[in-house]
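Note: hydrogens, waters and symmetry copies are ignored here, and every other heavy atom, side chains too, is used. All values reported here derive from a predicted model rather than from experimental measurement.
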Amino acid sequence: MNVIIRKFTSSILYSITPGIISLLVSIFSIPLFLNILGKAYFGQYLIQIFFLNIGLIFNLSFNKILILKLGNLSKNNLYQQSNYLILTFILSFILIILLTFFINFMLEIYNFQTFILVNNFYIYFGILLTSLYLLIESLFKLNFEFKKISFFNLFFFGISSSLPAIFLLYYPDLFQDFYIQNEYPKNLVKLMILIKFLTIFFAVVYLYIKNRIKLIKPNFKEYKFILGYSKWITPNFLILNLNVLYDKFLIKIFLGNEALTLFSIPQQLASKISLLSNAITTVIFPIIEKKNFHHKSFHLSFSFIIVLFLVSTFCLISFNYLHLILELWLGKSFDVNYVILTKLFIIFFLIFSINQIINTFNENIRIIKFNLKIETLFFVISFISIIIILYYFKNIEYVLYFLLLRELIIFVIKSFIIRKYIFNYSYFNLITYSLLINLTILILIKDKIFYLSLLIIIILSSIYFLKLKKNSQNLL
């Protein structure tokens, strides 16, 4: 069983390494953006980046449906893989045309600044690239090429949005609208889209050379199968992605660009916590698709405890020095609000990461309908609640407290539903309740008691891991 743990862990490490590199690049680029552009213009750049994520929605979960259909086959079907890629392109292109008409129609009625900012060819092209990339990523996963897709992920999601900061600093001639006319530098988004396009180009060339895809005439009969699968998968996929996007757009609308920057920088830093869960779901989804109950239980429980242990340890080590680190890192752009927001976001993404693992696991064991009901209910509640918070209190810290509460409730509900798959569920609950107490302390009391409670979580997680490892001998 030690072999299984080592193999599982090594695959996760391969998947997470490019994300760590992306974090290092972001650590270098964010202060550049802030110090050169200022909060307002950097907020506009962030809005353009977030708007590209509509491509996650326009993919309509084709990436997940492809894995569900072909994941159980001993040999993946070259024709099917190629057909899904072409169908994704066609459908995404149609949706982007509709989006273009909608935005231009809205601009005729109301001069909405956010729509003006994103209403250009490069943004729409970036949305198309994002939708296609999700499908391409699934093609790599189907063939268990985790190292290679991690490399492409680094460039598509990380380098593409950070590298323009280098050009902004060293190639001012590219941004005369900013340096001379003091306007928002439009070439930033062009550079970002160029990097994304080149990433997809090389990924497609690689797949073609390796005979993973080929040029074919699209088979639209496949839509019958897609519609059958997408009844629950696609709405669930849409809600999950909307949950990631809407809060930032609401903050932009109610509080403006500077508040969005104040919210987004801690979020971007802390979101790297989810690299771990992304790596786990990238590895676990193909592995457990064909496994029995005990293997599924082991991989799920191991995933939970790895996330809890590593993130809690990181918090214990770093939180006491976070103020100093952020102040040195951001320099003149430092704001004391970044400290508490970063701490809260780290805890938020800890719980979010565990929920992400549960979502992927639920898809694997075919209880997607339950996922959809829960996510839809909390999406509606959250959307209305955040509008109320922003309208009456105009406080992004309150928004984050609410998001934390939402993720905790979702976690408690979802973990209870799959409790039979969680090894020693009662002991796992002990760790969970310790986490709940820890969050309460962070919000109400803070300081030394918070670190003590974190230490308790680490000890409990370590004991749980040893129990799990001992029990896993039964899988031999």
Side-chain angles (χ1 to χ4, degrees), residues 9-33 45-46 48-50 52-53 55-56 59 63 67 85 125-169 188-210 212 241 244 264-265 267-286 307 310 314 329 349 352-353 356 360:
T9 305
S10 64
S11 297
I12 292 172
L13 288 175
Y14 280 129
S15 295
I16 202 173
T17 300
I20 295 174
I21 298 173
S22 175
L23 172 61
L24 296 176
V25 174
S26 297
I27 288 173
F28 178 75
S29 65
I30 288 176
L32 283 180
F33 279 126
Y45 182 59
L46 290 174
Q48 290 181 319
I49 293 174
F50 297 146
L52 295 181
N53 288 332
L56 303 177
N59 179 270
N63 60 323
I67 290 179
L85 185 59
F125 186 51
I127 293 172
L128 177 61
L129 293 178
T130 303
S131 178
L132 287 175
Y133 188 78
L134 282 186
L135 203 286
I136 291 170
E137 184 183 32
S138 291
L139 295 179
F140 278 90
K141 290 178 181 179
L142 277 173
N143 294 283
F144 298 94
E145 297 188 85
F146 299 120
K147 296 180 186 177
K148 293 182 178 64
I149 192 56
S150 297
F151 172 78
F152 286 116
N153 281 343
L154 169 63
F155 280 87
F156 192 85
F157 293 112
I159 300 296
S160 65
S161 57
S162 298
L163 192 60
I166 307 298
F167 285 87
L168 190 64
L169 178 64
L188 280 179
V189 71
K190 296 178 183 178
L191 285 169
M192 177 174 59
I193 299 305
L194 176 61
I195 297 169
K196 289 181 181 291
F197 172 75
L198 290 175
T199 303
I200 284 187
F201 174 79
F202 287 115
V204 170
V205 168
Y206 173 83
L207 290 170
Y208 185 80
I209 291 174
K210 292 294 183 179
R212 305 278 192 252
N241 282 291
V244 177
S264 298
I265 289 177
Q267 185 187 50
Q268 284 191 49
L269 284 177
S271 67
K272 302 306 179 183
I273 296 294
S274 63
L275 289 172
L276 184 58
S277 61
N278 288 336
I280 288 172
T281 54
T282 297
V283 173
I284 195 175
F285 199 101
V307 172
L310 292 181
F314 170 77
W329 175 51
F349 278 106
F352 176 84
S353 296
Q356 184 182 26
T360 305

To the nearest 0.5 angstrom, please state how far the CG atom of Leu169 sits from the CZ atom of Phe28.
7.0 Å

Can you sort out the partners of Asn153 under side-chain hydrogen bond (donor to acceptor under 3.5 Å, both in side chains), two or more places apart, ordered by chain and number?
Tyr133, Glu137

Please report the interatomic distance CD1(Ile193) to NZ(Lys190), rounded to the nearest 0.5 Å.
11.5 Å

If I take atom CE from residue Met192 and atom CG from residue Leu194, how far apart are they, to the nearest 0.5 angstrom?
11.5 Å

Determine whether a donor-acceptor pair (N or O, by modelled atom type, separation under 3.5 Å) exists between the side chain of Thr130 and the backbone of Gly55.
no

Check whether any side-chain heavy atom of Ser271 lies under 4.5 Å from a side-chain heavy atom of Phe352, and answer yes or no.
no

Does Tyr208 have any side-chain hydrogen bond (donor to acceptor under 3.5 Å, both in side chains) partners at least two apart in sequence or in another chain, and if so, which?
none

Heavy-atom side-chain proximity of Pro31 to Trp329 below 4.5 angstrom:
yes

Are any non-hydrogen side-chain atoms of Leu163 and Leu191 less than 4.5 angstrom apart?
no

Output all residues satisfying side-chain hydrogen bond (donor to acceptor under 3.5 Å, both in side chains) with Ser22, sequence neighbours left out; order by chain, then residue number.
none

Applying side chain to side chain contact (heavy atoms under 4.5 Å, CB included) to Ile166 and Leu32, what does each step give before you reach the verdict?
CA-CA 8 Å; Ile166 307 298; Leu32 283 180; 4.2 Å; yes

Output the distance between atom CD1 (Ile200) and atom CZ (Phe152), rounded to the nearest 0.5 Å.
10.5 Å

Please determine whether side chain to side chain contact (heavy atoms under 4.5 Å, CB included) holds for the pair Phe140 and Tyr206, giving the CA-CA distance in whole Å, both sets of side-chain angles, and the decisive distance to 0.1 Å.
CA-CA 10 Å; Phe140 278 90; Tyr206 173 83; 3.6 Å; yes

Are Lys196 and Thr199 packed together at the side-chain level, in the sense that at least one heavy-atom pair is separated by less than 4.5 angstrom?
no

Heavy atoms of Leu135 and Asn59 approach each other most closely as N-ND2, 3.9 Å

From OG (Ser150) to CZ (Phe155), nearest 0.5 Å
13.0 Å

Would you call Val244 and Asn53 a side-chain contact if the rule is heavy atoms closer than 4.5 Å?
no

Between Ser277 and Phe349, is any pair of side-chain heavy atoms under 4.5 Å apart?
no

Mind checking the CD1-CG spacing from Ile20 to Leu154? Nearest 0.5 Å is all I need.
11.0 Å

Under 3.5 Å donor-acceptor, Ser131 side chain and Leu128 backbone:
no

Would you check if Leu139 and Arg212 make a side-chain contact, meaning some heavy-atom pair closer than 4.5 Å?
no

Taking all non-hydrogen atoms of both residues, which atom of Pro164 and which atom of Ile159 are closest, and how far apart?
CD-O, 4.1 Å

Pair Leu188, Phe33 - check side chain to side chain contact (heavy atoms under 4.5 Å, CB included), show working.
CA-CA 11 Å; Leu188 280 179; Phe33 279 126; 4.1 Å; yes

Run the numbers on Ser264 and Phe50 for side chain to side chain contact (heavy atoms under 4.5 Å, CB included), then give the verdict.
CA-CA 10 Å; Ser264 298; Phe50 297 146; 3.6 Å; yes

When you compare the side chain of Ile273 with that of Ser353, does any pair of heavy atoms fall below 4.5 Å?
yes

